[in-house]
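As a basis for the values below, the full set of heavy atoms in this structure was taken, side chains included, without hydrogen atoms, waters or symmetry mates. If you read the sequence from its start, that first residue is 1, and numbering goes on from there.
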Amino acid sequence: MADEAEQIVSPINTLLVIDDDVLDRLGSTARQLCVGMIDEVVRVIVLARSTQHIEESVGPSQLLYMPRRCWPWHWQRLSSDQALALIGDEKPDVIHCMSADLFRLVQNWVMEWGSPLVVQLTDLPDVRRCLRLRLPPEAIVIVSTPTLQRFLARKRPKLADRIRVIPLGIPANPEPACFAHPDRVPAVLVTAPLTHDCGLHLVLKAMEAVVAAGQDMHLFVLSSGPGEYVFRRVVRQLRLRSRVTFAGELHDWTAMQAAMRDADFYILPGERRRFTISTLMAMATGLAILAPAGTIGDYLIDGVTASLFDPQKPRQISERLSALLADKAAARQLAQGALDYIRAHHQASAMVASVAAVYGELCNRGE
């Protein structure tokens with residue numbers, strides 16, 4: 001009986017595999033998993049293929065780095081024995097890869113250790129990469145939205161019963177940040193990477209029309225990229241230099257949250273190539289969101305959590321933005337709708353509990 005009691009309470013040893021891409025796109029999610037598992041019967045060891053010092057990003061979890069060769073971008077490929085020695089000579093009960101690409105790093109370990117596998121997918125590029133992989137038949141795939149679930153199940157029907165939809169969790173502000181200071185010049189944030197086709201030029205043209213109509217606002221671009229020089233030139237041409245600030249990319253999610261708490265609006269100019277947690281963070285902060293219709297973000301609901309525009313009709317951006325600037329009550333109601341949606345569907349505790357349940361399912365715990 002004592003042995004049975006010990007088995008019931010023994011933690012599930014989980015190897016959580018991340019890299020710089022995961023940290024840049026999903027840093028707050030990785031931290032929520034590490035911190036939240038303290039309340040579950042799960043012991044997390046984080047294995048990072050990272051050039052950054054990320055101790056604060058993983059909270060109390062044990063952190064191990066993949067060894068590098070002479071150059072920072074050359075990673076040493078570890079055999080299963082070398083990997084086992086690195087993580088402490090105890091085979092993990094579960095290996096959790098936070099992207100499809102990371103499975104390639106651990107696939108030999110999975111086969112030789114016999115450890116159950118979890119692969120987490122957060123966008124269509126992730127799903128397409130997953131479709132090129134030969135996953136173990138017992139592996140479970142976690143997707144963040146029903147749209148991704150339907151796409152993956154349609155492309156890989158044999159995997160359908162191994163897919164679990166677990167929305168990403170994020171803490172929500174008590175009150176909307178949008179127009180919390182109504183006498184201040186409205187602040188608008190854009191975090192899309194500055195590529196030539198990111199859609200920022202449409203936002204700048206919309207802003208020109210809004211300002212010309214007599215409404216005031218200030219745009220903060222919290223990103224960088226190869227198109228930055230072109231967009232700075234567009235700002236000068238549109239005579240918006242005093243109203244647009246290129247602040248650069250924020251890699252620290254705590255700093256990003258602080259910036260959002262001081263803003264009123266968040267604009268997603270177009271469909272992003274890769275998912276990041278920033279849109280959910282804007283919702284959780286209580287910003288009024290403008291976004292294109294037709295994205296994979298099931299949480300962007302027109303008139304409820306965001307004001308959606310037709311990407312083929314750029315004029316709609318200025319119309320939507322102008323209407324919300326003119327009607328502060330409507331803007332705050334939209335921001336409140338986003339906050340309520342986050343509380344109902346994206347609780348961090350629910351995400352952690354659901355992921356822990358997947359671990360238990362793979363280990364046949366709790367039967």
Side-chain angles (χ1 to χ4, degrees), residues 11-12 14 16 18 22-23 25-44 46 56-61 94 96 98-99 118-123 126 140-149 163-178 180 253-254 256-258 260-261 266 268 275-289 291 295-301 304-306 332-362 365-366:
I12 299 174
T14 300
L16 183 68
I18 63 176
V22 167
L23 290 168
R25 298 188 300 110
L26 307 166
S28 62
T29 301
R31 179 173 175 79
Q32 289 294 333
L33 284 174
C34 293
V35 173
M37 288 300 172
I38 295 175
D39 297 326
E40 305 290 336
V41 189
V42 177
R43 174 176 172 263
V44 177
V46 178
E56 292 185 2
S57 300
V58 300
S61 298
V94 176
H96 182 170
M98 288 198 67
S99 74
V118 174
V119 178
Q120 189 157 357
L121 311 176
T122 53
D123 57 18
D126 236 0
I140 286 182
V141 177
I142 293 175
V143 297
S144 54
T145 69
T147 297
L148 295 176
Q149 179 195 34
I163 304 172
R164 305 290 182 269
V165 180
I166 301 179
L168 299 176
I170 188 166
N173 272 14
E175 299 291 336
C178 178
W253 289 103
T254 303
M256 177 68 79
Q257 285 179 316
M260 287 187 174
R261 283 194 289 267
Y266 180 84
L268 188 65
F275 171 86
T276 75
I277 201 72
S278 54
T279 302
L280 285 176
M281 187 176 289
M283 293 173 62
T285 308
L287 301 184
I289 296 173
T295 70
I296 66 166
D298 299 344
Y299 40 81
L300 294 173
I301 305 169
V304 179
T305 65
R332 278 188 63 83
Q333 182 178 358
L334 191 66
Q336 184 66 59
L339 261 181
D340 292 342
Y341 189 91
I342 290 292
R343 293 191 184 112
H345 302 283
H346 292 272
Q347 288 188 9
S349 58
M351 175 190 68
V352 171
S354 297
V355 173
V358 169
Y359 296 163
E361 178 184 353
L362 284 169
R365 304 285 180 93

Legend entry - Enclosure of Gln257 CD (heavy-atom neighbours >12, cutoff 6.0 Å): yes
Rounded to the nearest 0.5 Å, what separation is found between the [atom1] atom of [X] and the [atom2] atom of [Y]?
X      : Y      : atom1 : atom2 : value
Leu362 : Thr14  : CG    : OG1   : 9.5 Å
Thr145 : His345 : OG1   : NE2   : 13.5 Å
Ile38  : Ser61  : CD1   : OG    : 7.0 Å
Ile277 : Ile170 : CD1   : CD1   : 5.0 Å
Met283 : Asp340 : CE    : CG    : 10.0 Å
Leu121 : Ile142 : CG    : CD1   : 9.0 Å

Legend entry - Pair listing, side-chain hydrogen bond (donor to acceptor under 3.5 Å, both in side chains) test, anchored in residues 25-38, at least two apart: Asp21-Arg25, Arg25-Thr122
For the residue pair [X] and [Y], what are the closest heavy atoms and their distance?
X      : Y      : answer
Pro176 : Ala335 : CB-CB, 4.0 Å
Arg332 : Ala180 : NH1-N, 3.7 Å
Ala284 : Ile342 : N-CG1, 3.8 Å
Leu339 : Glu175 : CD1-C, 3.5 Å
Thr279 : Ile289 : O-CD1, 4.1 Å
Tyr266 : Ser278 : OH-OG, 3.2 Å

Are the side chains of [X] and [Y] in touch, meaning some heavy atoms are under 4.5 Å apart?
X      : Y      : result
Val44  : Leu33  : no
Leu300 : Thr295 : yes
Val42  : Val94  : no
His96  : Val355 : yes
Tyr359 : Val118 : yes
Gln120 : Leu168 : yes

Legend entry - side chain to side chain donor-acceptor pair (under 3.5 Å) partners for Ser354, two or more places apart: none
Inset, instruction - Report the residues that fulfil ring pair (Phe, Tyr, Trp, His ring centres under 6.0 Å) with Tyr299, sequence neighbours left out, ordered by chain and then residue number. - result: His346
Legend entry - Donor-acceptor contact present, side-chain Asp123 to main-chain Asp126, <3.5 Å: yes
Legend entry - Asn173 side chain vs Arg261 backbone, donor-acceptor pair below 3.5 Å: no
